[in-house]
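Worksheet: one structure, shown below.
FYI, the numbering just counts along the sequence from 1.
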Amino acid sequence: MTDSEAEFGLLDTEEVDGVGDEWEEIDVSDTDADRIARKRDREFSEFRKRIKDADQFKVEASVFDDATYGALYKLVQDGHIDAFGGPISTGKEANVYTALSGDHEVAVKVYRINASDFTDMRGYLDGDPRFEGIGSDKKKVVTAWVRKESSNLKRARKAGVRTPEPIAVERNVLVMEYLGTDEGRAKRLSEVHIENPDTAYEVVQEYLRRLYDAGLVHGDLSEYNVVFHEGQLYIIDLGQAVTVHHPNAEEFLERDCRNVANFFARQGVETTPEELLAYVREHATPEDDDDTAPGSDDDAVPQGRLEDRRG
C-alpha cells in the first residue's frame, strides 16, 4: 500500500463504458422548467417572489430569469431542494449556493443563461459532436453544458476519482453533493497549508491518470479546483472536461499537468510538467475499455498516436 492510499484512501475503480461519450445524445428541448415558466401559475409566482425577495438573491437578477425560477421550483417539487442557504461562490458563468435537502446540505450550481457571451466555454464546445447543431443558442448551450457537467462527474466517480456526487439536473441548474462543513465550504489547495505535499501530489497524479484512463481530460485542473474535504482530496468543476476525442484534449492535458506540477514544485515536490505528463501517458490506456489499474497491461497509448490527434 502506497503512502497516498494509506493517507487519502483512494477509491476503487469501476469498469467504464467506453473511451468517451461525445456521441451521447444530449436533449436540449424544452424542459419542465420552461413549461412551468410559461404557465406561471399562482403557486409558482409566490415561490418566485419568495426567492427573489430573499437577501442572498437580491443582487442576482442576471442569474435568476423566469425559467431558472421554474427549474428551482421543479427541483423543490421533486424533493431535491427544501430551503436555500447562502452563496458559496460566484463566477462569470455560474453561481453556487448551499441548500437544504431533507436533513443534509447540497450545493446548487446555477448557470447564467443571459451571460454576455460564451467565449470561455467555446474552446471546450467546438469540436465536440455533442454540441453540433446547437450553434449560438444560449439556452441550448447552457442546457447541454450542465448535462455535460453531470455526466463528467458521474464518469470521474466511476473511475475512482473523488468529486461531488451529481444529484439532479433541471435546465441550467445542477444539484450536487455539498463539500463542506457547518463552518463553510471545503478549502482549495491554494488556501491551505499542505502538511505532506508529496503524498498529496501522488493522489492528484493518480486522479489525472484515472481521468485520462476513463477517457476524460479535466481541462482546467489546478490548485484552485482541488479541495480538501473530510481528510480527502476532491476534484471539482468538471463542466469544461472533455473526452480524449476532443481536438484540444492533448493541449488541455498538457496544461493540466503543467498547472499541477508547477504548483507542487513550489511546495517542494521534485516533479516537472514533463514528468507528470509522461506518467499519465505511460500508465493510462484510454483506448482500452477494460483497463483501470496503472500499468495493468502493455497497450499504453504511444505518444505518437496521441500527437496525431492534434492534426
Do side-chain atoms of [X] reach the backbone of [Y] as a donor and acceptor pair under 3.5 angstrom?
X: Asn196; Y: Thr199; answer: yes
X: Tyr111; Y: Arg171; answer: no
X: Ser151; Y: Arg147; answer: no
X: Lys148; Y: Ala241; answer: yes
X: Glu170; Y: Ala71; answer: no
X: Thr90; Y: Asn95; answer: no
X: Asn172; Y: Val142; answer: no
X: Arg188; Y: Asn225; answer: no
X: His283; Y: Tyr279; answer: yes
X: Arg162; Y: Ile235; answer: no

- Message: Looking at Arg210 and Glu206, is there a salt bridge between them, counting it only when a charged N and a carboxylate O are closer than 4.0 Å?
- Response: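 Salt bridge between Glu206 and Arg210, a charged N being under 4.0 Å from a carboxylate O: yes.
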Of the non-hydrogen atoms in [X] and [Y], which two are nearest, and what is the gap between them?
X: Ile167; Y: Glu177; result: CD1-N, 3.8 Å
X: Val169; Y: Ser150; result: CG2-CB, 3.6 Å
X: Tyr212; Y: Glu250; result: OH-OE2, 2.8 Å
X: Ala156; Y: Leu216; result: N-CD1, 4.2 Å
X: Pro166; Y: Leu174; result: CB-CD1, 4.4 Å
X: Gly102; Y: Asp82; result: N-OD2, 2.6 Å

Name all residues meeting the side-chain contact (heavy atoms from CB on, under 4.5 Å) criterion together with [X]; count only those two or more places apart in sequence or in a different chain, and write none if there are none.
X: Ser101; result: His104, Val106
X: Asp256; result: Leu208, Val217, His218, Leu221
X: Asp78; result: Lys74, His80
X: Ala107; result: Ile88, Val96, Met176, Tyr178

- Message: According to ring pair (Phe, Tyr, Trp, His ring centres under 6.0 Å), who are the partners of Tyr234, at least two apart in sequence or on a separate chain?
- Response: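 For Tyr234 the ring pair (Phe, Tyr, Trp, His ring centres under 6.0 Å) partners, ignoring immediate neighbours, are His229.
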Rounded to the nearest 0.5 Å, how far apart are [atom1] of [X] and [atom2] of [Y]?
X: Lys139; Y: Ile113; atom1: NZ; atom2: CD1; answer: 8.0 Å
X: Lys154; Y: Glu149; atom1: NZ; atom2: CD; answer: 12.0 Å
X: Gln205; Y: Asp198; atom1: CD; atom2: CG; answer: 11.0 Å
X: Gln267; Y: Leu189; atom1: CD; atom2: CG; answer: 8.5 Å
X: Leu276; Y: Cys257; atom1: CG; atom2: SG; answer: 4.0 Å
X: Thr272; Y: Arg258; atom1: OG1; atom2: CZ; answer: 12.0 Å

Tell me whether [X] shares a hydrophobic cluster with [Y], the cluster being built from Ile, Leu, Val, Met, Phe, Trp, Tyr side chains joined at under 4.5 Å.
X: Tyr224; Y: Val204; answer: no
X: Val110; Y: Leu179; answer: no
X: Val227; Y: Leu153; answer: no
X: Val242; Y: Ile236; answer: no

- Query: When the ring planes of Phe252 and Tyr124 are compared, do they come out parallel, tilted or perpendicular, using 30° and 60° as the limits?
  - Reply: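 Correct class here is tilted.
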- Task: List for me each residue that meets salt bridge (charged side-chain N to carboxylate O under 4.0 Å, His left out) alongside Arg185, sequence neighbours excluded, and say none if there are none.
- Result: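 Counting only residues at least two positions away or on another chain, Arg185 forms a salt bridge (charged side-chain N to carboxylate O under 4.0 Å, His left out) with Glu191.
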- Could you tell me which residues satisfy side chain to side chain donor-acceptor pair (under 3.5 Å) with Asn262, sequence neighbours excluded, listed by chain and number?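 Side chain to side chain donor-acceptor pair (under 3.5 Å) check on Asn262 returns nothing, list empty.
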- Does Thr271 have any side chain to side chain donor-acceptor pair (under 3.5 Å) partners at least two apart in sequence or in another chain, and if so, which?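 So Thr271 forms a side chain to side chain donor-acceptor pair (under 3.5 Å) with Tyr201.
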- side chain to side chain contact (heavy atoms under 4.5 Å, CB included) between Val146 and Val173, intermediate numbers included: CA-CA 7 Å; Val146 176; Val173 181; over 6 Å; no
- Message: Give me each pair satisfying salt bridge (Lys or Arg N to Asp or Glu O under 4.0 Å) with a member in residues 216-245, each pair once, sequence neighbours excluded.
- Response: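 Counting only pairs at least two positions apart or across chains, the salt bridge (Lys or Arg N to Asp or Glu O under 4.0 Å) contacts touching residues 216-245 are Lys109-Asp237, Glu223-Arg266.
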- Do the non-hydrogen side-chain atoms of Val108 and Leu72 ever get within less than 4.5 Å of each other?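 With C-beta onward as the side chain, the pair touches.
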- Task: Please go through Leu100's hydrophobic cluster and name the other residues, only I, L, V, M, F, W, Y counting, with side-chain heavy atoms under 4.5 Å joining them.
- Result: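 Its cluster mates, by chain and number: none.
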